[in-house]
Protein chains: 4
Amino acid sequence: MRDEAQPLRLVRLRRRTHFLLDSGGVGDRTAQLVHGALVTLVILSVAAVVLESDADIAARYGAIFAAIEYVAVAAFSVEYALRLWSAPEHRLYADLPPLKARAAFALSASALVDLAAILPALLSFFLTADLRILLILRLARFFKLARYSPGIRSIVAVLEAERKALAATGVVLFGVVLLMAAAMYVVERDAQPEHFRSIPASMWWAIQTVATVGYGDVTPTTAAGRIVAAVTMVMGFVMLGLPVGIVATAFAEEIHRRDFVVTWSMVARAPLFATLDASAIAEIMRYLRAQSLPPGALVVRRGEPAHSMYFIAAGEVEIELAEGPARLGEGQFFGEVALLRKTSRTANVRAITPIKLLVLDAFDLHVFLQRNPEVGRRIEEVAASRAEFRARSRDGDLIEAEIDERDIASRAGAP
Amino acid sequence: MRDEAQPLRLVRLRRRTHFLLDSGGVGDRTAQLVHGALVTLVILSVAAVVLESDADIAARYGAIFAAIEYVAVAAFSVEYALRLWSAPEHRLYADLPPLKARAAFALSASALVDLAAILPALLSFFLTADLRILLILRLARFFKLARYSPGIRSIVAVLEAERKALAATGVVLFGVVLLMAAAMYVVERDAQPEHFRSIPASMWWAIQTVATVGYGDVTPTTAAGRIVAAVTMVMGFVMLGLPVGIVATAFAEEIHRRDFVVTWSMVARAPLFATLDASAIAEIMRYLRAQSLPPGALVVRRGEPAHSMYFIAAGEVEIELAEGPARLGEGQFFGEVALLRKTSRTANVRAITPIKLLVLDAFDLHVFLQRNPEVGRRIEEVAASRAEFRARSRDGDLIEAEIDERDIASRAGAP
Amino acid sequence: MRDEAQPLRLVRLRRRTHFLLDSGGVGDRTAQLVHGALVTLVILSVAAVVLESDADIAARYGAIFAAIEYVAVAAFSVEYALRLWSAPEHRLYADLPPLKARAAFALSASALVDLAAILPALLSFFLTADLRILLILRLARFFKLARYSPGIRSIVAVLEAERKALAATGVVLFGVVLLMAAAMYVVERDAQPEHFRSIPASMWWAIQTVATVGYGDVTPTTAAGRIVAAVTMVMGFVMLGLPVGIVATAFAEEIHRRDFVVTWSMVARAPLFATLDASAIAEIMRYLRAQSLPPGALVVRRGEPAHSMYFIAAGEVEIELAEGPARLGEGQFFGEVALLRKTSRTANVRAITPIKLLVLDAFDLHVFLQRNPEVGRRIEEVAASRAEFRARSRDGDLIEAEIDERDIASRAGAP
Amino acid sequence: MRDEAQPLRLVRLRRRTHFLLDSGGVGDRTAQLVHGALVTLVILSVAAVVLESDADIAARYGAIFAAIEYVAVAAFSVEYALRLWSAPEHRLYADLPPLKARAAFALSASALVDLAAILPALLSFFLTADLRILLILRLARFFKLARYSPGIRSIVAVLEAERKALAATGVVLFGVVLLMAAAMYVVERDAQPEHFRSIPASMWWAIQTVATVGYGDVTPTTAAGRIVAAVTMVMGFVMLGLPVGIVATAFAEEIHRRDFVVTWSMVARAPLFATLDASAIAEIMRYLRAQSLPPGALVVRRGEPAHSMYFIAAGEVEIELAEGPARLGEGQFFGEVALLRKTSRTANVRAITPIKLLVLDAFDLHVFLQRNPEVGRRIEEVAASRAEFRARSRDGDLIEAEIDERDIASRAGAP
C-alpha cells in the first residue's frame with residue numbers, strides 16, 4: 001500500500017540502493033565493487049589517521065592524508081545518506097512506515113558507527129572541537145568493517161549477549177583489585193611510599209597483577225608484600241576462567257546457531273525435501289551432520305562399503321563413471337544407490353571445488369524413511385532413473401543426475 | 001501457629017520489612033528505593049575509604065569522608081538489625097522457630113558480610129584496634145553488592161561449588177612452584193645470590209613465572225636458569241588450563257541451571273499449561289529453547305513458511321493485522337495458526353520491547369500433542385476464537401488475543 | 001589358596017596394614033590418625049627443606065631441621081616397607097602371587113614417589129651424592145600428598161590421559177618459538193647483539209613472549225623487531241587455547257566420570273534398587289541428577305507442587321511432620337507420595353547436615369516405572385506404609401521412614 | 001587400466017616406495033627405519049641451523065654443521081623426488097592420472113613444507129639469495145615432523161578449520177589495539193613523548209598489554225594513562241576468551257572425530273559384527289565407549305556383578321580361569337557370559353599389555369540385541385562353546401576363546 005503510493009521507479013531505485021549497500025555482495029558484480037570500494041576506503045582512511053599521528057610523517061605526506069580524509073568523509077556521508085534513505089527496504093524494518101524505519105535504523109549500532117565515521121568532519125564545520133576526541137572518533141571507522149565480516153558480527157553478538165555476565169565479572173574483578181590493592185597498601189606502604197602511598201596508587205599495581213600483565217614498574221619488595229602479590233596472582237589465575245568461560249561457551253553456541261541456520265535453509269531449498277512440512281524438516285535436521293572437503297578429495301571410493309548418503313550444500317563433485325565423469329552441484333544428492341541396495345560403492349566421487357556436504361548415516365536414513373515413505377519413493381525414483389540412464393548411456397554421452405531434465409550434467413572430456 | 005501467637009500487626013510489619021530488604025525490588029517502588037539507597041551508600045562509603053587512603057585528599061576532604069562513614073555505619077547497622085529481626089520471613093529459614101531462624105541467618109555468608117560492614121565502627125568503641133585490618137574490613141562492604149546482582153551471585157556459587165577442585169589445583173600449583181623454585185635455586189644461586197639465596201626467595205620468581213605475570217624484577221641470567229625458566233613457563237601454560245577448565249565448565253552449568261529454573265517457572269505460570277501435571281511440564285521443557293530479541297525485530301514475517309510457535313517469557317510483541325495492530329504480553333503465545341493448519345504466516349509479529357521467547361518447533365509440538373491431546377484442544381480453541389474474532393472485527397476495533405476476555409489487547413492508532 | 005597357605009594371623013595383619021595405609025581413612029579412627037600423621041610429616045619435612053635452604057635460618061634452627069629429617073626418613077622408610085609388604089592386598093594387584101604383586105606395586109607411580117622420599121637419605125649412606133639433586137628429590141615428597149587428595153589424583157589422571165596431546169602441543173609450541181626466535185634474530189641482531197647474537201639466545205626472548213610472561217629483560221627496539229614481537233604475541237594468544245582446551249575438556253570428562261562412579265555405587269547400594277539387574281540400573285542412572293545442599297536448606301516445601309523425588313546419597317534430612325520431625329539418612333528416599341498421588345507436598349524436608357541428593361524428575365520416574373513395575377510396587381508399599389504409620393502415630397511418638405523396622409527414625413522433641 | 005599399461009614391476013616398486021614413506025611405519029621394520037632416519041635427520045639439521053647461528057659455535061664446529069646440511073639436503077631431495085614419483089599411490093589422489101596426481105600432491109601443504117626444506121640449497125646454486133630468508137626456510141624443516149605425529153596434524157587441522165574465526169578475532173583484536181593505542185597517545189603523549197609520540201609507537205604498548213605480555217619497557221605514568229591501561233587490560237582479559245574458546249571447542253571436536261574414525265574401523269573389523277549392515281554398525285557405535293587401561297590392571301573381577309561386556313580394540317588380556325590362564329587379543333570380546341545369564345563374574349580378566357577396550361553396557365546390549373537377534377545368537381554360540389570347552393578342558397590344556405578354531409589361545413604355565 002505504502003509502496004503503491006510512491007512512484008514505482010523510486011521504489012525500485014531504493015530497493016537497488018539497499019541491495020548494493022547491504023546484500024553482502026553475493027553474486028552481483030556491482031555490489032561487490034561497492035563493498036570493495038568501501039572496505040578499501042575504510043582501511044585507507046584509518047591508515048591515514050594512524051600515520052598522520054606521527055609528526056614527521058604528517059609533515060611529509062600531510063597533503064595525501066588530507067586528500068584521503070576529504071574523499072573518505074564525502075564517500076561515507078553519501079553512504080550514510082543513502083543507507084538512511086533506503087532503510088525502509090531493510091529486512092529488520094520492513095513493513096514499518098518509511099520515517100519510522102529510518103528512525104529505527106538511525107538508532108541501530110551499525111548506523112551509529114556510520115555516523116561516527118563522518119561526525120568529526122561535520123563537527124569541525126560548527127565548532128573548534130577537541131582534536132583528541134575527534135581522533136578517536138575517526139578511528140572508530142575501523143568498526144565499519146564489521147558489516148562486511150560474519151566473523152566480527154558473531155564476536156559482537158557474543159559480547160552483546162553476554163554483556164550482563166561480563167559486567168558481573170567486571171564488578172567481581174574490580175572488588176578483587178580493590179581488596180588486594182588495599183592489602184598491598186597496608187603491608188607495603190612504609191617500604192615503598194612512592195608506589196603505594198594510597199589505595200588508588202596501589203590499584204595500578206593490583207590491576208596489572210590480576211590481569212597477569214605484570215609490567216614490573218611497581219613490584220613488592222617486602223616478604224609480606226610478596227605473599228599478598230602471590231595471592232593476587234592466584235586470584236587472577238582463577239578469575240581468568242570467568243571471562244574465558246563466558247565468552248568461550250557463548251561463542252561455541254553462536255557458531256552452532258549459525259550452522260543451524262545454514263543447514264535449515266539448505267534443507268528447505270533441496271528439491272528432495274520440497275514436499276516435506278516443517279515438522280519433517282525439523283526431524284531430518286537432527287540427523288544431518290556437516291562435512292567440509294578441499295578440492296580433489298575423494299568423498300566416496302568405488303568398492304567401499306556404503307554407510308551414508310550425501311547432500312551437496314555448496315560446491316561441485318564429479319562422479320567418475322565408466323561412461324565418463326558427471327558433475328553434481330548444490331542441492332543435489334548422491335550415494336543413495338549403494339545405501340538402498342546394501343551393495344558397495346559403484347563409482348568414485350571426488351570434490352572438484354571446495355565443498356560442503358550434509359551427511360546422512362544409513363541408520364538415520366532408514367528411521368527417517370519409515371516415517372516419511374514419500375521421501376523414500378522419491379529417492380528410489382532418482383536411483384532408478386540414474387540406473388536406467390546409465391544402462392542407456394553405455395554408448396552415450398550424458399548422465400541423468402537429478403530427478404528432472406534440467407539437472408542433467410554435461411559430460412566433460414574423458415581424461 | 002507461631003504467627004498466630006504473635007500480634008498480627010507485628011508479623012505484617014516483619015513481612016513487609018523482609019520484602020523491602022530482600023525482594024530484589026521487582027515491581028515495588030519502595031523496595032526499589034530502599035535498594036537504590038543501600039547500593040549508593042555502599043559505593044559512596046567504599047569510594048570514601050579508597051580516597052581517604054591518600055593523605056592529601058584525606059587532609060582536604062576528611063570531614064566529608066567522616067560524614068559518609070557515620071551515615072553509612074548508622075544505615076548499615078539499622079539494616080543489619082532489621083534483617084536479623086525479619087530473618088524468620090526468609091524463604092530459606094521459613095518454618096523454623098524465630099530464634100533459630102535468626103541464628104541460622106546470622107551465620108550465613110551474606111549476613112557475615114553485613115556484619116563486617118559495621119564491625120570496624122563497633123570495634124572502635126571498645127578497643128583501639130589495628131587500623132590496617134579495619135581498613136580491609138571496611139572495604140569488604142563492596143561485597144554487599146553481591147546481594148543485588150544475580151551475576152555476582154552466580155560467580156560466587158560457581159567458586160563455592162568448585163572450591164574442592166580449585167583447592168586441589170592450588171595444591172598442585174604450589175607443588176610446581178616449590179619444585180621449580182628449588183630447581184632455580186640450585187642452578188642460579190651462585191650467579192645471583194641476591195635473588196636466589198634460598199628456596200623461599202626463589203619462590204617469588206617461580207610464582208610470578210607460573211602465573212605468567214612476569215614482572216621481570218627477578219630473571220635468570222645463566223643458560224641453565226633460562227632452561228629451568230622455560231620449563232616453568234610451559235608448566236604455567238598447562239596449569240592455566242585447570243582453573244579455566246574448572247571455572248568455565250562450572251559457569252556454563254550454572255547458567256544452564258539458572259535458565260532451567262527461569263523456564264520452569266515460566267512454563268508453570270503459562271495459562272495454556274496450567275492443567276498439566278509435573279511429568280508433562282518436565283517433558284515440554286525438553287522441547288523449548290530460549291531466544292532473545294531486541295525491540296523492533298521481526299519475529300514472524302507474513303508469507304514465510306511456519307516451523308515453530310512462540311511463548312512470550314518476557315516483554316511484548318505487536319501483531320500487525322489488517323484490522324490494526326494487537327499486543328501480546330508475558331505468558332501468551334502466538335504462531336500456532338499457521339503451524340496447525342500448515343499454511344504460511346498470516347501476519348507480521350514484531351517485538352516492541354526487548355523480549356524473551358520460548359520457541360517450540362513444529363516437530364516437537366506434534367509429538368507433544370499426541371501425548372497430551374488436551375493441550376492440543378486448548379490451542380485449537382484459542383486459534384479458533386482468534387480466527388472468529390478477526391472475522392467479526394473486520395469493521396471493529398479490537399482483537400481477541402488470548403482465551404479469556406481479560407487478555408483482549410487494546411488497539412493502538414493505525415500508523 | 002595363597003592365603004590359606006600362609007598363617008591366617010599374618011594375612012589378617014597384612015590386610016589391616018593395607019587398610020590403615022590405603023583406605024582413605026573413611027570411618028576408621030586409627031586409619032585417620034595414620035593418614036593425619038603422614039600428611040603432617042610430609043608438610044613438616046617439606047617445610048624444613050624449604051626453610052633450610054636459607055643460610056641464616058639453617059644456622060639458627062639446623063638442629064630442628066635435622067631432627068625432622070631423621071624422623072621423616074625413618075617414618076617414610078617404615079611406611080614404604082609396610083606398603084611393599086602389604087601390596088598383595090592392593091585392589092589392583094589382588095589375585096597376583098605376592099612377589100609379583102610387590103614388584104608391580106614397586107613400579108607404580110605412587111610407590112616411586114614414596115621411594116624418592118627416602119632415596120636421598122639412603123643414598124647418602126653409600127655415596128657423597130650431589131647435594132643439589134638430593135634437594136629436589138627431598139622436595140618431591142610433596143607429591144606424596146596426592147595419595148590423600150582425590151582432587152590431585154584427578155589432575156594427575158587428566159595430565160596422564162592427555163600426555164600425547166600435550167606433547168604434540170609442546171612440539172608445536174617449540175616450533176613456533178624456534179621460528180619466531182629465528183625471525184627476531186634476523187631482524188634485531190644488529191641493533192642488540194648482546195641479546196640476540198644467536199638463535200638460542202633469541203629463544204629466551206621468544207619463549208617468554210609466547211608464554212605471555214614478558215619479563216621485559218629482553219625487548220625489541222627496532223620497528224621490524226616490534227612487528228615480529230606482535231606476531232609472536234598473537235601466536236601465543238592462539239597457542240594458549242590448545243593446552244587450555246585439552247586440559248579443560250579432559251578435566252570436565254574426568255569430573256563426569258568420577259560422578260558416574262559415585263552415582264553407580266550409590267544406586268547399586270540403595271535398598272529400593274536391590275532387585276534390579278544391571279541393565280535397569282544402567283537405565284535409571286541416565287535419569288538421576290546430583291544436587292548438593294548446605295545444612296539448613298529446605299529441600300521440599302509444604303504446599304508446593306511436586307515435580308521430583310529424592311534419594312539421599314550422603315548426609316541426613318529432617319521431615320517436619322505434624323507428628324514431630326523424622327530423620328532420613330543415606331540410601332533412603334522421600335518425596336514419592338506427592339509425586340505418585342499428584343498432590344502438592346505434605347511436609348517440609350530440610351537438610352540437617354551437608355547433603356548430596358540424587359533427583360529423579362516426575363516424567364522420568366513415570367517412564368522408568370512403566371518398564372520396571374516391580375520398583376513402582378515397592379515405592380507404593382513404602383508410601384502406603386508411611387501413610388498408615390502417620391495415621392497410627394497421630395497420638396504416638398514414632399514415624400516409619402523406610403520399608404523395614406531398622407529404619408524407623410527416633411522422634412526429636414517438638415520445637 | 002593405467003596400472004596395466006605400465007610395467008608391473010615398476011608399479012610394485014612405486015607402491016612399496018609410497019608405503020615406506022607414507023604408511024606411518026606400523027608393523028613394517030623397513031618403514032619404521034626410514035621414518036626414524038628422516039625424523040632424526042630433521043632434528044639434527046634443525047639443531048645444526050640453530051647452533052650455527054652462534055658465531056663462536058659456528059667457528060668451532062662449522063665443518064660438522066656443513067656436513068649435516070649436505071647430508072640433509074641430499075636426503076630430503078631424494079625423499080621429495082620419491083614422494084613426487086609415488087604420489088599416484090596416495091590415497092587422496094588415487095584414480096587420478098599420474099601427472100595430475102603428482103601436480104595435486106606438489107601443491108599440498110605437506111609437499112610444500114618438503115620443498116621448503118630443500119629450497120634454500122637449490123636456490124643457492126642459482127643466485128646469491130638473502131641469507132636471512134634462507135635461514136627461516138631451513139628452520140621450516142621442523143614442520144616436516146608434522147607428518148609423523150597425529151597430534152600435530154590434529155592441531156594443524158584445528159587451526160585450518162577455524163582460520164576464518166581466528167582471522168575475525170585477529171581483526172577485532174587489531175581494532176582494540178588501534179583504539180587503545182590512540183587513546184593512550186592522546187592522554188600520555190605530553191608526559192612521555194619518547195614512547196607515545198605517534199599512534200604506531202603507542203601500538204607497541206597496546207599489543208603487549210592486550211596480549212597480557214607486559215614487558216614493562218613502556219608503561220603509562222599519568223593517572224589518565226593508567227586508567228586507559230586498566231581498561232586495555234580488562235579488554236585483553238575478555239578478548240583472550242575468543243581464541244581460547246574457538247581453539248578449545250574445535251580441538252575437542254577434532255578429538256571426538258578421530259575417536260569416531262578409530263571406533264568405526266574397529267567395529268567394522270570385529271568378526272562378531274561382520275554380518276551387520278552399515279545401519280546396524282552405525283547404531284552400535286552410539287552405545288560403545290572407549291576405555292584405556294595399563295598393563296596389570298584388573299578389567300573384570302571374579303564375583304563382582306556384571307554390568308558390561310568388552311571388545312578388545314588393541315592389546316591383550318589374560319583370563320584367569322581355574323583351568324589355567326587364557327589370552328584374548330584384538331577383535332575378540334569377553335564378559336558376555338555373566339551379562340547374558342545375569343550371574344556375577346566367573347573369572348578375573350587382567351590386561352597384560354596396555355589395552356584399549358570398547359565397553360558395551362548391559363542396558364544398551366539388550367536394546368541392541370532386540371533389534372539385531374542374529375548378533376545375540378552369535379554371542380550365545382560363543383558363550384555356549386566357551387562353557388562347553390571349559391567343561392571339557394577341566395583336565396585339558398586349551399580354552400576356546402573365540403568362535404572359530406584359529407582363535408584358540410595357547411595356555412601359559414600355571415603361576
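Below, read A as the first sequence line, B as the second, and so on, with proteins coming before strands; counting in each chain starts at 1. Heavy atoms only: backbone and side chains are in, while hydrogens, waters and symmetry mates are out.
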Compare every heavy atom of [Y] with every heavy atom of [X], then report the nearest pair and how far apart it is.
| X | Y | result |
| --- | --- | --- |
| V50(A) | P200(D) | O-CD, 3.3 Å |
| A168(D) | I152(A) | CB-N, 3.8 Å |
| T209(D) | Y215(A) | OG1-OH, 2.5 Å |

Answer yes or no: does atom CE of M233(A) have more than 12 heavy-atom neighbours from other residues, nucleotides or ligands under 6.0 Å?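 Enclosed.
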
What part of [X] lies closer than 4.5 angstrom to a heavy atom of chain D: side chain, backbone, both or neither?
| X | result |
| --- | --- |
| I57(A) | neither |
| V158(A) | neither |
| L173(A) | side chain |
| E52(A) | neither |

Contact origin within [X] toward chain A - heavy atom pairs under 4.5 Å:
| X | answer |
| --- | --- |
| P220(D) | both |
| V210(D) | neither |
| V238(D) | both |
| S202(D) | neither |

Say you draw a straight line from [atom1] of [X] to [atom2] of [Y]; how long is it, rounded to the nearest 0.5 Å?
| X | Y | atom1 | atom2 | answer |
| --- | --- | --- | --- | --- |
| L139(A) | L179(D) | CG | CG | 6.0 Å |
| T212(D) | L240(A) | OG1 | CG | 8.0 Å |
| L135(A) | I199(D) | CG | CD1 | 4.5 Å |

Is the shortest heavy-atom distance from the side chain of V244(A) to the side chain of F237(D) under 4.5 Å?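 Answer no - side chains too far apart.
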
Between V171(D) and F142(A), is there a side-chain heavy-atom distance shorter than 4.5 Å?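 Yes, their side chains come closer than 4.5 Å.
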
Go through L242(A), V213(A), V247(A) and name the one with the most non-hydrogen pairs under 4.5 angstrom from chain D.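 Among the listed options, the one with the most contacts to chain D is V213(A).
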
Interface residue of largest heavy-atom contact number with chain D, from D217(A), I155(A), I207(A), under 4.5 Å: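 Sorted descending by pairs with chain D, the first entry is I155(A).
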
Quick one: which of [options] has the most heavy-atom pairs under 4.5 Å with chain A, could you say?
| options | answer |
| --- | --- |
| A167(D), G175(D), A223(D) | G175(D) |
| G241(D), P243(D), A211(D) | G241(D) |
| T221(D), V172(D), I227(D) | V172(D) |

Any side-chain to backbone donor/acceptor pair from Y185(D) onto S53(A)? Under 3.5 Å, distance only.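 Yes, because the side chain of Y185(D) sits within donor-acceptor range (under 3.5 Å) of the backbone of S53(A).
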
